[in-house]
There are 2 protein chains.
Amino acid sequence: MEAKEILRQYISKIVLLSDEQFEYVFSHFKPLTFKKGQVIISEGDQVDCEYFVVSGCLKTFFINDEIKMYILQFSMPTWWTSDYNALYNDTKATINVDCITDAEVLCISNKDREKICSEIHQIEHFFRWRTNKGYVASQKRLLSFMNNDAKKRYEELLALYPQLYNLVPKHLIAAYLGVSRETLSRLYSSH
Amino acid sequence: MEAKEILRQYISKIVLLSDEQFEYVFSHFKPLTFKKGQVIISEGDQVDCEYFVVSGCLKTFFINDEIKMYILQFSMPTWWTSDYNALYNDTKATINVDCITDAEVLCISNKDREKICSEIHQIEHFFRWRTNKGYVASQKRLLSFMNNDAKKRYEELLALYPQLYNLVPKHLIAAYLGVSRETLSRLYSSH
DNA sequence: TTGCTTACGTGACCTACATCACATTCTAAA
DNA sequence: TTTAGAATGTGATGTAGGTCACGTAAGCAA
C-alpha cells in the first residue's frame, strides 16, 4: 500500500474527512525515503518537521557525554516522531532520529501542521488524540522504569513488539531498556 | 484570586476567547475543595473527570504490590491531573490521586471536555497545546531517569520546584525520584 | 580470499542503591 | 499535657547491574 493510503486509513480511524479535505491535508506532507543508517535529525539541528513512518523502523535517541545512547522510541509504521521539545519550543535539537532499516516517511512542517489544524477542526482533533496517546504511552514507560527491573522491562518490550527481537540489533534493545548490552545478553541467556 | 479568574488567565495565555465563550466553557467545570490527605482517584475507580489545580498540591501515584509508591507527578496550581489512561480508554483507574495539602480544584468530565472541544475550535487547540506540553515534560522525565543517577535527579527536581522541599515530606520526594527514603536522606546529608 | 569492523557472549570485579534494623525527632489527636 | 503514629537519620549488609577485559562470530569492502 502506498504512503497516502496508509495515512488516510490511519486518520480515518479517528476522524472523518471528505476526499477533498484529505487531499488538502495530504498536500502538506512530503514523502521521503531513507536508507538504513541515514540520519534524519541530529543534535544541534534546527528542527522544522515531524515524521510519520510509512515503512521501516526509526530510532529516536539521546546521547549522553558523547558516549552512552538511550533510545526513547522505536518508530514502526504509523508511528510519529521528531524532537518535539525542539519543534514546539523552536530550540535546537537535543535528541537524534535515524533509520534502523530502509524507511519511507511522510514529513510535515510544524508551520503546516499548525496551519491545517487551525483550518480544519477535525485535524486539530486528530492531533490532540494522537498526542494524548503518546502522553499515556510515555507515562506507562516511565512507570515501568520506576517499577520494574531490567528483566521485566525486557519481557514487556518483547510482548509489545515481538518483531523487534529479530529486526533490531541487541545493543539497541539494551539502549531502549536502559541497561548495558552485557546485562541484556545475560538476561536472555538465563531465560 | 478565585478559581474562575485563574483558569481564565491560564487559558488566555494560549487562546483568545470572548467573555461569553469563557463563561460557557467555565460552566462545564465544577469547583471542589479537598482537605489534606483526601483521596480524589483511587485504584479501581471509574474515572470520569480530570482536575485543574487552583491551590494546594496533589500527588498522582502508583502503588506496586500494595507496598511501594511511585509518584508520577506533583500537581501545583495550574497543573492538570487525572488517570489519563483510564479516562481516555474508559477503563478502571490503575493510579491514584490525593491531596498533599488542602486544595481547591476545578473538575471537568471527559464527556464535557470532548463536548466543548468539538463546539469551540479554540478550546480543542488549547487542550492539544496542554497535552503537548505534558508529553514533552514526560519525555524529559523519562530521559532523566535513564541518564541521571539519584543525586542528579534530586538536584534537578529542586532546581525546577524549590518550593517542594519545604512543602512535601521527604519520603514523597524519594517516591518521585524513584529511590528509597534512606538513600534520599543520605544524598542531601552529603551535600 | 583477506582483512576490518560491528555484533555478541562471558568472566571478574566494582558501585549505587535497596533492605533491614533501630534510634530520634516531630506532629496531631485524645 | 500526654502519647501514638508518622517522619527522618544512620549503620550494616545484600544485590542488580555497570564496567573492563577478552574472545568468537558474522557481515562487508577491497
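Heavy-atom basis, side chains included; hydrogens, waters and symmetry copies ignored. Each chain gets a letter, A, B and so on, in the order its sequence line appears, and its residues count up from 1.
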- Message: Show the nearest heavy-atom pair for residues I120(B) and H121(A), with the distance to one decimal.
- Response: C-CE1, 4.1 Å
- Is the distance between the ring centroids of Y10(B) and F52(B) less than 6.0 Å? yes
- Note on the structure: I67(B) atom CD1 is separated from dC20(C) atom C1', nearest whole Å, by 14 Å
- Query: For K151(B) and dT15(C), what is the distance between atoms NZ and P respectively, to the nearest whole Å?
  - Reply: 16 Å
- Item | Proximal nucleotide (of dT8(D), dT10(C), dG18(D)) relative to the V179(A) side chain | dG18(D)
- Take the angle between the ring planes of F26(B) and F22(B) and call it parallel below 30°, perpendicular above 60°, tilted in between. parallel
- Item | Residues from residues 158-166 of chain B lying under 4.0 Å of DNA chain C - heavy atoms | none
- Message: In this structure, is the centre-to-centre distance between the rings of W80(B) and F127(B) below 6.0 Å?
- Response: yes
- Item | Atom-to-atom span, CG of L187(B) to P of dG9(D) - whole angstrom | 11 Å
- May I ask you to test the R141(B)-S138(B) pair for a side-chain heavy-atom distance under 4.5 Å? no
- Across the strands shown, which category fits G37(B) at heavy-atom distances under 4.0 angstrom: base, sugar-phosphate, nothing? nothing
- Item | Closest non-hydrogen atom pair between L184(A) and A174(A), with its separation | CD2-N, 3.6 Å
- Message: Are there over 12 heavy-atom neighbours, none belonging to L16(B), within less than 6.0 Å of that residue's CG?
- Response: no
- Message: So, does Y188(A) get its side chain near the phosphate of dG9(C), meaning an N or O under 4.0 Å from OP1 or OP2?
- Response: yes
- Ignoring hydrogens and angles, are the base of dC8(C) and the side chain of E182(A) linked by a donor-acceptor pair under 3.5 Å? no
- Message: Quick test of your reading of the model: are E50(B) and R130(B) salt-bridged, counting only N-O distances below 4.0 Å?
- Response: yes
- Task: Go through the steps to decide whether R8(B) and E2(B) satisfy the test salt bridge (Lys or Arg N to Asp or Glu O under 4.0 Å), and finish with yes or no.
- Result: CA-CA 10 Å; R8(B) 187 208 300 269; E2(B) 64 172 318; over 6 Å; no
- Note on the structure: Whole-Å distance, K35(B) NZ to dA28(C) P, equals 13 Å
- Query: Where each residue is assigned the nucleotide of DNA chain D containing its nearest heavy atom, which of T183(A) and K36(A) is assigned the position nearer the 5′ end?
  - Reply: T183(A)
- Query: With no angle test and no hydrogens, is the base of dG11(D) tied to the side chain of R186(B) by a donor-acceptor pair under 3.5 Å?
  - Reply: yes
- Query: Quick one: N148(A) CG to dA18(C) P, roughly how many Å, whole number?
  - Reply: 15 Å
- Which nucleotide in the set dA18(C), dG9(C), dC17(C) lies at the smallest distance from any side-chain heavy atom of K68(B)? dA18(C)
- How sharply is the helix from dT1(C)-dA30(D) to dA30(C)-dT1(D) bent, taking the axes over five pairs at either end and rounding to 10 degrees? 50°
- Message: What is the separation between atom NE2 on H171(B) and atom P on dG5(D), rounded to the nearest whole Å?
- Response: 17 Å
- Calculate the interatomic distance between Y154(A) atom OH and dA16(D) atom C1'; express it in whole Å. 18 Å
- Let me know the distance between CG of L177(B) and P of dA18(C), rounded to the nearest Å. 10 Å
- Task: Verify salt bridge (Lys or Arg N to Asp or Glu O under 4.0 Å) between E23(A) and K4(A), making sure each step is shown before the conclusion.
- Result: CA-CA 9 Å; E23(A) 288 299 328; K4(A) 190 170 174 176; 3.0 Å; yes
- Task: Using a cut-off of strictly less than 4.0 Å, decide whether K170(B) has a side-chain nitrogen or oxygen near OP1 or OP2 of dT25(C).
- Result: no
